[in-house]
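Not measured: the values here are computed from a predicted model.
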Amino acid sequence: MIEEKVINQVGIIYLNRPNRLNAINLAMVNQLYNILKKWENDNNIKVILFDSLVERGFSAGGDLKEIYTDYLINDNCKDKSYLFKKEYDLDEYINSYKKPIITHWQGIVMGGGVGLTINSDFIICDENINWAMPETSLGFVPDVGVGKYISKLPQALGEYIGLCGVSLSSSDLVKYKLADIATRSKDYHTLLEKLFELSNSYSGDDLINKIKREAKNFEMKQNNSTIQKNLSKINKYFSYDSMEEIVNSLKENLDDDFALMCYQNLSKKDPFMLTIQFEKYFVGKDLTYKKTLDLDFKIVQYAIRTKAIHEGIRAKIIDKDNNPKWPHSSFNEVSINKVKDLLLS
């Protein structure tokens, strides 16, 4: 599931679980931690590179089937949030890692795969990328510390991405500083060879700065993405001061295809978790990365207690009936005091 290789003092970590599109499970978390720990004080390793051997993508996120069967519905499992805790601990460790980290995002990049690598010193993405944080469709909210980055986005865009779980293209990722550069997949191996060459002479920040300059030679011209084409409508519908106002605004404009699409998207999701995510955007602006992870863990534990996450994963991944029965059936049932208590206490 994880393969490691050292080339010219570059420690490469390949995700390689093709049958599950590199969905991250406990075994992978432990293996990743052990490799990084082994390399942290190894003077023969100057930089870490995260990559994938699976053509379809970098990672589909956390292994939701394993979370459901081994933890959520397993009566013998006493700590149902254990995998989340281990994953968040790994993300925090990577964030404070002593050596620079480079990541190559390609194809599908979602959830836990984003969280694993979003704190890298240099992120390269390909033209075929499909990046998303779709957790609101699964009974919880964007986690793994990514909320820290969502909260840095302009309000309407941050709310739209966090609430709707929409896909971002390479141009979006670069424009909004979620990745550093977009290159064509055909140029990646040439750039990789340049990294191996530079690693013979440079290390630390010098190496990162050198490879960033080299990457500019392969930078892809950006085209308008779906996000950019819809930006005025995103600003129109997602700039309100409450979750209910967003939903009502969309509902009042169903003759607009974009509003209809967003309304249908949100109508399938847990009203409580949507309200959590709406408010979390603002709360996240004042949190450190560590505090963001702590809040993510708190929300996940709540989702487990209320079984919102059970129902989300069941409906989307297990039974695939797309007919979840959420703990709250409407926004009228959501207590804003309970939401703020969960986020602020």
Item to check | hydrophobic_cluster_shared for V247 and L254, side chain cutoff 4.5 Å | outcome: yes
Next on the checklist: Strictly below 4.0 Å, N to O, side chains only: are D205 and K212 in salt-bridge contact?
Outcome noted: no
Checklist entry - Between the side chains of N22 and Y14, does any donor sit under 3.5 Å from an acceptor? => result no
Checklist entry - Is any side-chain heavy atom of W131 less than 4.5 Å from a side-chain heavy atom of C125? => result no
Checklist entry - Has the side chain of N8 got a donor or acceptor atom that lies under 3.5 Å from a matching backbone atom of F196? => result yes
Next on the checklist: Run I246 and L250 through side-chain contact (heavy atoms from CB on, under 4.5 Å) and show every step you take.
Outcome noted: CA-CA 6 Å; I246 289 176; L250 294 169; 4.1 Å; yes
Item to check | Derivation and outcome, side-chain hydrogen bond (donor to acceptor under 3.5 Å, both in side chains), residues D172 and S169 | outcome: CA-CA 5 Å; D172 297 319; S169 70; 3.1 Å; yes
Item to check | Check: L163 main-chain N/O paired with Q277 side-chain donor or acceptor under 3.5 Å | outcome: no
Item to check | Heavy-atom donor-acceptor pair, S120 side chain to I123 backbone, under 3.5 Å | outcome: no
Item to check | Within-4.5 Å side-chain heavy-atom neighbours: K236 and N253 | outcome: yes
Checklist entry - Crowded around N43 CG? As in, over 12 foreign heavy atoms under 6.0 Å? => result no
Next on the checklist: Evaluate S185 against E127 for side-chain hydrogen bond (donor to acceptor under 3.5 Å, both in side chains), listing each step before the verdict.
Outcome noted: CA-CA 7 Å; S185 50; E127 76 279 3; 3.0 Å; yes
Next on the checklist: Let me confirm one number: the CG-OG1 distance from L287 to T292, rounded to the nearest 0.5 Å.
Outcome noted: 4.5 Å
Next on the checklist: Could you go through N44 and V6, starting from their C-alpha distance and side-chain angles, then the distance that decides it, and tell me whether this counts as side-chain contact (heavy atoms from CB on, under 4.5 Å)?
Outcome noted: CA-CA 9 Å; N44 294 316; V6 179; over 6 Å; no
Item to check | Y68 OH to I73 CD1 distance, which is reported to the nearest 0.5 Å | outcome: 4.5 Å
Checklist entry - Does V114 belong to the same Ile/Leu/Val/Met/Phe/Trp/Tyr cluster as L15, with side-chain heavy atoms less than 4.5 Å apart forming each link? => result yes
Item to check | Cationic N near anionic O, under 4.0 Å, K38 to E4 | outcome: yes
Item to check | E245 backbone acceptor or donor facing S249 side chain under 3.5 Å | outcome: no
Checklist entry - If you draw a 6.0 Å radius around OH in Y202, do more than 12 non-hydrogen atoms from other residues or ligands fall strictly inside? => result no
Checklist outcome for this item: Tightest non-hydrogen contact, residues P324 and R314, listed as CA-NH2, 4.0 Å
Checklist entry - Any donor-acceptor pair under 3.5 Å linking the side chain of N235 with the backbone of L231? => result yes
Checklist entry - Quick one: which of W39, Y97, Y93 gives a ring pair (Phe, Tyr, Trp, His ring centres under 6.0 Å) with Y33? => result Y93
Item to check | Verdict with supporting geometry, F272 and Y302, ring-ring contact (aromatic ring centres under 6.0 Å, His included) | outcome: CA-CA 11 Å; F272 185 85; Y302 180 87; 5.2 Å; yes
Item to check | Test: D294 and K298 ion pair at under 4.0 Å | outcome: no
Next on the checklist: Go through it in stages, so that I can follow the logic: the residues are Y88 and D296, the test is side-chain hydrogen bond (donor to acceptor under 3.5 Å, both in side chains), and I'd like the CA-CA distance, side-chain angles, deciding distance and then a yes or no.
Outcome noted: CA-CA 9 Å; Y88 297 173; D296 288 344; 5.3 Å; no
Item to check | Test item: T288 side-chain N/O and K291 main-chain N/O as donor-acceptor pair under 3.5 Å | outcome: yes
Checklist outcome for this item: Distance col, row I309:CD1 vs M273:CE, nearest 0.5 angstrom, shows 8.0 Å
Item to check | Note, Y71 side chain near L26 side chain (heavy atom, < 4.5 Å) | outcome: yes
Checklist entry - Can you tell me if N25 uses its side chain to pair, donor with acceptor, with the backbone of M28 under 3.5 Å? => result yes
Checklist entry - Is the side chain of K80 donor-acceptor paired with the backbone N or O of N74 at a distance under 3.5 Å, no angle test? => result yes
Checklist entry - When you look at NZ of K338, are more than 12 heavy atoms from neighbouring residues, nucleotides or ligands closer to it than 6.0 Å? => result no
Next on the checklist: For the CG atom of L274 and the CE atom of M243, what is their distance to the nearest 0.5 Å?
Outcome noted: 5.0 Å
Checklist entry - Atom CD in E244, atom CG in N332: separation rounded to 0.5 Å? => result 6.0 Å
Checklist outcome for this item: Nearest heavy-atom contact between A215 and F122 is CB-CZ, 3.7 Å
Item to check | Least distance between heavy atoms, L295 atom then L343 atom | outcome: CD1-O, 3.9 Å
Checklist outcome for this item: For D126 and S170 the tightest heavy-atom approach is O-CB, 3.5 Å
Checklist entry - Do the non-hydrogen side-chain atoms of L36 and E40 ever get within less than 4.5 Å of each other? => result no
Next on the checklist: Less than 4.0 angstrom from a charged side-chain N to a carboxylate O is my criterion; do D79 and K85 meet it?
Outcome noted: no
Next on the checklist: Go through it in stages, so that I can follow the logic: the residues are D51 and Y188, the test is side-chain contact (heavy atoms from CB on, under 4.5 Å), and I'd like the CA-CA distance, side-chain angles, deciding distance and then a yes or no.
Outcome noted: CA-CA 11 Å; D51 209 338; Y188 175 66; 2.7 Å; yes
Checklist entry - For the residue pair S52 and F58, what are the closest heavy atoms and their distance? => result CB-CA, 3.8 Å
Checklist entry - Do I7 and F50 belong to the same hydrophobic cluster, where Ile, Leu, Val, Met, Phe, Trp and Tyr are linked whenever their side-chain heavy atoms lie under 4.5 Å apart, directly or via other members? => result no
Item to check | 4.5 Å side-chain heavy-atom contact, D63 and I24 | outcome: no
Next on the checklist: Would you say L178 ends up clustered with I181 if hydrophobic residues are merged whenever their side chains have heavy atoms under 4.5 Å apart, either directly or through other cluster members?
Outcome noted: no
Next on the checklist: Could you see if F218 belongs to whatever hydrophobic cluster contains L198? Use Ile, Leu, Val, Met, Phe, Trp, Tyr and a side-chain cutoff under 4.5 Å.
Outcome noted: yes
Next on the checklist: Show the nearest heavy-atom pair for residues S199 and L207, with the distance to one decimal.
Outcome noted: N-CD1, 3.9 Å
Checklist entry - When you look at NZ of K316, are more than 12 heavy atoms from neighbouring residues, nucleotides or ligands closer to it than 6.0 Å? => result no
Checklist outcome for this item: Of Y240, Y237, F278, F258, the one forming a ring pair (Phe, Tyr, Trp, His ring centres under 6.0 Å) with Y160 is F258
Checklist entry - Does D180 use its side chain to pair, donor to acceptor, with the backbone of I124 at less than 3.5 Å? => result no
Next on the checklist: Walk me through whether I317 and L138 qualify under side-chain contact (heavy atoms from CB on, under 4.5 Å).
Outcome noted: CA-CA 9 Å; I317 307 296; L138 299 165; 4.2 Å; yes
Next on the checklist: Determine whether a donor-acceptor pair (N or O, by modelled atom type, separation under 3.5 Å) exists between the side chain of K5 and the backbone of I12.
Outcome noted: no
Item to check | Interatomic distance, W105 atom CH2 to I129 atom CD1 [nearest 0.5 angstrom] | outcome: 6.5 Å
Item to check | Minimum side-chain heavy-atom gap K65-I318 below 4.5 Å | outcome: yes
Item to check | Side-chain heavy-atom pair I2, I13 within 4.5 angstrom cut-off | outcome: yes
Checklist entry - Taking the side chain as C-beta and beyond, is there a heavy-atom pair between L195 and E214 under 4.5 Å? => result no
